Each structure stands twice: as structure tokens, then as C-alpha cells.
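Structure first, then comments.
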Amino acid sequence: MSSESVRVRFAPSPTGPLHIGGVRTALFNYLFAKQHGGSFILRIEDTDSSRFVPGAEAYINASLQWLGLKVDEGVEEGGPYGPYKQSERKEIYKKYADMLVDRGWAYYAFDTPEDLEAMRTVAENEKKSFAYDLHSRNDLNNSLSMSADELKECLDKNIPYVIRFKMPENIDVEATDLIRGKVVFNTNTLDDKVLYKSADELPTYHLANIVDDHLMKISHVIRGEEWLPSLPLHVMMYRAFGWSETMPAFAHLPLILKPNGKGKLSKRDGDKEGFPVFPLEYTSPSGEVSAGYRESGYFPEAVNNLLALLGWNSGTEQELFTMDELIKAFSLERVNKSGARFDPDKARWFNQQYLQQKSDSELAALFMPFLKQKGVEADRAYLERVVAMVKDRVHFVSELWEHSFFFFTAPQEYDAKVVQKRWKDEIPAFMEELAGAFESFPTWDAASLKEKASELMQSRGLSFGAVANALRLVLTGGAFGPDLFMIVELLGQKEVVRRLSKAKSLLD
RNA sequence: GGUCCCUUCGUCUAGUGGUUAGGACGCCAGGUUUUCAUCCUGGAAACAGGAGUUCGAUUCUCCUAGGGACUACCA
């Protein structure tokens, strides 16, 4: 690494919704870039024409935007090293593939996918494995095993070919991973990867990624651990191109594992355990819907925070970080080596923390759509008071309703268990009396009301607990909710008296 | 199978050649509360195993075991 500025890229493939692991990769790239005053680049790697999914790119953009990961250079934003979509860089790659062929670092191969598949099957039947590598390439249908004339003939006839990297023999490739340290691979265990296919005139990931990272002056490649095995190939390619001097630094992030720890987190796990695996809800072209964090009620800042703590920690006991704090505190050195299991419970906890930090006004606004859905129209000031009272018992805005519905509508039914426990013989008559007392009570505030009620129950020889619980039952339909007399105050004289008067029907 | 990576409470993790191995989530108990939740206090809970180095290893080295990733004309 020279003194060049930090430039990192997030390079997803538009083959479906952005997975939460990909989101974390994007986040770490973003944090690293911002911390160093560098650039966060979004490059769309759509070199697999067969796996292209319409809408996936828009989904990626929308996800990054929702999370507040602002892209400095990309398809939408433009930039000096564009285009940022690989399918629009087609003509660039062929040139570099040819360069490698000319230098003897790559060769043409005419084996058809069917040929290779057949050889794999044969090998498998013999309990061996087939690899297109230094042991087998001279016996296969490629420019290494044919004469110059034969090659020319194949090319002239437009026989489809691929260009494969010619992995040299017996070299110990040393590479440094910023998270793991030095890793060594021997080239004898590596195969000859396809770099380019004539069929669709597109490169594979390996070629496109090296060429683009070089051309876009990427300083650090921060990607998932699943790429670690191809690191030696990439290092060798930088050598083949003669770009070793400016090769980016590499960091391979540990994987996000299933809650049970067995394997990479996948969409299925989310469906099974009931938590989202995607940032935004996604509907596939076939109509299949996958849950999203946003739709499940998660705040983007909570998602960023929980993702940041999955595989990284600040070394302090701080767990809640704003984006600015993350940018300041982040470092690749403190990223863990081992995979982290996703914990849905802790994810909920993070969201709760952020929800509690929100102002009543903000929460009231977020609650509004849910009320509309219930057909409830409420005064904004009233709403804020309700939210203030119940917010400390929810993890999500969507849970506000079940804890506050009685502020908007009289209970339609009463919890049978609570009725049995609290609706004693002497209560109904007293409730009627209480209704009368409240009806003519001049000051309507929690403290005075509590005092008034206490006086009355004392004069009738009833305990506070018995009355309070019965009153709560009448007002809310159950045994839950915030401070009783705060409920009474907020509900207002008219409504409280009405519910009290109706309470007799409970006896049925 | 081959290559590579990884291994501290159930989970996310801190940590050091000598610590009562710390925190968080979750769980349990007690307290606060008229209810529920919050909140507060407390508790159970970990260095995968075996060698070696060392006066002393959770920490350093090696081996074993376990887990994971990769092994496509996908990324």
C-alpha cells in the first residue's frame, strides 16, 4: 500500500436480495472508508448473465440507502472510474484476458461444459475428484495441448472457448490477510480457473474483480471469508498482470452463521426462526416474499449497530454506537477471526434500546400508521402521552398497539382469569358508586383521583389492591398497562365514567 | 476426499505468562410496582482435549478433536 487514499468497494452480484451478511460487508467497508476519509464505491458485479434477477440492483440501492450507507461512487452516483456496472465494461476485460494469454499466463480451452461434467462424473464414480489443473490440462482440449494450426482453426471456426488461468507449478503463495495475518497456499493445490467466456463475452468474477479493483484504484478489499480460498489465485493474477506493487490489501470478514452455528446464515433460517435475513422485504420474480428488517419494525440504526457488533468489538464495554461513533471506533484489527452466530434475541434487544431513545413525538408519528390500520383517529398530543406511558414495554413500534389499545377503544372483552380473581361480590356496587363519585369530581389529575378513590374505598372497608385491580380490569380488560390513575387521568372523566357504568355487564 | 480458516459462559465477546477469567443478550431468584412491562440487586453459566516450553499456562508451540468456508464456463 502506498500513500494513495483509501478506496474500498462493495461489490454485490444482482442475483437476488442483499443478504444480511452482505449488508455487514457493506457496513464494514463503509466504516473503514469513512474513518480514513476515503471513498466507498458500489460496483455491480453482473457478469453472470444466467443468474441476473430483475430488480435486484434497485433492491441493493434501496437497502444501502435505508441503512444510511452513502455511496461515493457507483452506477447511480457516477465517478471518475466508471462505468461501475461490469456488464458495461465488457470490452475492457477481453483485452486483459488476451494480455494474460500473450504472456503465457492463460490459455484457450475448448472443452464444453458437458465434457467437463462427464469427466467429473467419471472421477466421482472412481471416488476421485476432477480438477482442471496442471495435472490434467495437457490432456484436455486446449491451446496448450494443440498445435498453433489447430488453435487457429478452432478460433477461425468460432468454436466457443474459455480462457483459463495457467496456474504455475509449486509456488508457495504468501498473502497477508489484515484479520488473520499471513496465509500460505501452494499452487499445486489450485486449479486453472476460468477467466473469460467467449459465449457471452463476459469475464468471470476472478478476472473482472482483479481488473476493476486495479483500474478503480481500490486500496483495500474487504470481503467475506468465503473468498479466502481464492486469495492465492488473485495474488497470482496481480503478479501475472505485473500489478503486484499496487495490489490492494485484503481483509476477509468472518461469516455470519446460523443461530445453531451450523453453516452460513441463509434465508431458510430466518423463515424457520421468525427473523429477517434481508434488510428490506423482498418479493422474488416468482412472487415469493421474504421478510425484511425494515418491515419487521427494526430501525436502520439498530440494524447497523447489531451488525457492527457481529464480528467486531471496540474493546470497551460500550454496546450502543451511533454511526459516527462506529466510524471513529472501527478497526479491522479488532475484527474477530471466527464466525459469529446470529442471535435473534439480541437483535430484538438492540431495537428496544433504540426505540427507548426515540422521542415521544417521533414514536407517535411512527405509531400513526398502525392506528390508521385499526381505524383509530387520535389527537397528536394525546398520542404522545399514550406513547410516553407504554413505550418502555415494547421492542417494536408495532407492539405499541397491544399495550395501548384501551386508550383508544373500550375493551371488547375481559380476561376471564382476571375477572375470576378480581371481580369479587362487593366490587360491582362499588364500581357504580365510584362512577358517581368521579362524575362529579372537579379536579381530574392522577394524584387527586387516587386520593378520592382511596377515601371512598376506605369508607366502604375495601382494600386498595382489590379496588385498583378491579378498576384496571374495567378500564383495560385485563391485568396490564401503566400506572392505573395515569390511565384514569388520560382517558378522561367522560370515558372513565362510561366504562365504569358499563362494568355491570361483566357479571354475566 | 482435497485445500484453507477457526475454537473463552447457551449466544456475542473482553482479557493476561501469575486475574475471584470481565461485560452484554438470554435464563433463574429477590426487590420496586395496585397489574403487566420496565427498572434495581443477586445467581447459575466458559478458557475443546492432550503433550511440550516455563517456576507457572486460558494466554506461546505442536498434535488431536470439533466446527466452518471453498472445491462451477456462480459470485
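We name chains A, B, ... by the order of the sequence lines, and we start the count at 1 in each one. Everything numeric in this text was worked out from a predicted model, so none of it was measured.
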From the options [options], select the nucleotide whose nearest atom is closest to the side chain of [X].
X: A:Asp392; options: B:G67, B:A75, B:U38; result: B:U38
X: A:Gln352; options: B:A75, B:U38, B:C6; result: B:U38
X: A:Phe185; options: B:U35, B:U3, B:C73; result: B:U3
X: A:Val162; options: B:C25, B:C73, B:A69; result: B:C73
X: A:Lys346; options: B:A24, B:A75, B:C36; result: B:A24
X: A:Arg164; options: B:U38, B:G23, B:C73; result: B:C73
X: A:Ala340; options: B:C12, B:A37, B:A75; result: B:C12
X: A:Trp349; options: B:C74, B:U3, B:C25; result: B:C25
X: A:Ser13; options: B:C6, B:U13, B:A75; result: B:A75
X: A:Lys264; options: B:A69, B:C73, B:C25; result: B:A69

What distance, rounded to whole Å, do you find between the two [atom1] atoms, one in [N] and one in [M]?
N: B:G30; M: B:A48; atom1: C1'; answer: 36 Å
N: B:U33; M: B:G26; atom1: P; answer: 24 Å
N: B:G18; M: B:C25; atom1: C1'; answer: 32 Å
N: B:C5; M: B:G31; atom1: C1'; answer: 48 Å
N: B:U64; M: B:A45; atom1: C1'; answer: 27 Å
N: B:U58; M: B:U16; atom1: P; answer: 16 Å

Subject >> 5′-ward residue of the pair A:Lys450/A:Leu310 relative to RNA chain B >> reply: A:Leu310

Original post:
Relative to the 5' end of RNA chain B, which residue comes earlier, A:Glu317 or A:Asn186, by the nucleotide with the nearest heavy atom?
Top reply: A:Asn186

Pairing partner of [N] (Watson-Crick or G-U wobble, both distances under 3.5 Å):
N: B:A75; result: none
N: B:C27; result: B:G43
N: B:C36; result: none
N: B:U3; result: B:A69
N: B:A21; result: none

Is it true that [Y] and [X] share a donor-acceptor pair across their side chains at a distance under 3.5 Å?
X: A:Asp212; Y: A:Gln86; value: yes
X: A:Asn186; Y: A:Asp172; value: yes
X: A:Asn142; Y: A:Tyr161; value: no
X: A:Tyr196; Y: A:Asp98; value: no
X: A:Asp269; Y: A:Ser266; value: yes

Check every strand shown and say whether [X] touches a base, only sugar-phosphate, or nothing at a heavy-atom separation below 4.0 Å.
X: A:Arg120; result: sugar-phosphate
X: A:Asp483; result: base
X: A:Gly224; result: nothing
X: A:Ser129; result: base
X: A:Lys262; result: sugar-phosphate
X: A:Arg51; result: base
X: A:Gly311; result: sugar-phosphate
X: A:Val184; result: sugar-phosphate
X: A:Pro482; result: base
X: A:Val418; result: nothing

Measure from [atom1] on [X] to [atom2] on [N] and round the result to the nearest Å.
X: A:Leu202; N: B:A75; atom1: CG; atom2: P; answer: 9 Å
X: A:His403; N: B:U38; atom1: NE2; atom2: P; answer: 9 Å
X: A:Lys127; N: B:G2; atom1: NZ; atom2: P; answer: 13 Å
X: A:Phe350; N: B:G26; atom1: CZ; atom2: C1'; answer: 13 Å
X: A:Leu484; N: B:U34; atom1: CG; atom2: C1'; answer: 7 Å
X: A:Arg223; N: B:C4; atom1: CZ; atom2: C1'; answer: 14 Å
X: A:Arg422; N: B:U35; atom1: CZ; atom2: P; answer: 8 Å
X: A:Gln86; N: B:C74; atom1: CD; atom2: P; answer: 13 Å

If the cut-off is 4.0 Å, is [X] near the phosphate of [N], judged by side-chain N/O to OP1 or OP2?
X: A:Arg180; N: B:C6; value: no
X: A:Asn336; N: B:A14; value: yes
X: A:Lys421; N: B:U34; value: no
X: A:Asn313; N: B:A14; value: yes
X: A:Arg334; N: B:G15; value: yes
X: A:Thr47; N: B:A75; value: yes

Original post:
Does A:Arg24 reach the main-chain N or O of A:Leu310 with its side chain, forming a donor-acceptor pair under 3.5 Å?
Top reply: yes

Original post:
Do A:Tyr282 and A:Tyr59 make the cut of ring centroids closer than 6.0 angstrom?
Top reply: yes

**OP:** For this output row, return yes or no: ring centroids of A:Phe28 and A:Phe330 closer than 6.0 angstrom.
**Re:** yes

Subject >> Quiz item: A:Lys193 side-chain donor-acceptor pair to B:A72 base, under 3.5 Å >> reply: no

Subject >> Side-chain donor/acceptor of A:Arg472 to base of B:U35, under 3.5 Å >> reply: yes

Original post:
Could A:Asp213 and A:Arg43 be called an ion pair, given the rule that one side-chain N must be under 4.0 Å from one carboxylate O?
Top reply: yes

Subject >> Short N-O contact, A:Glu426 and A:Lys424, less than 4.0 angstrom >> reply: no

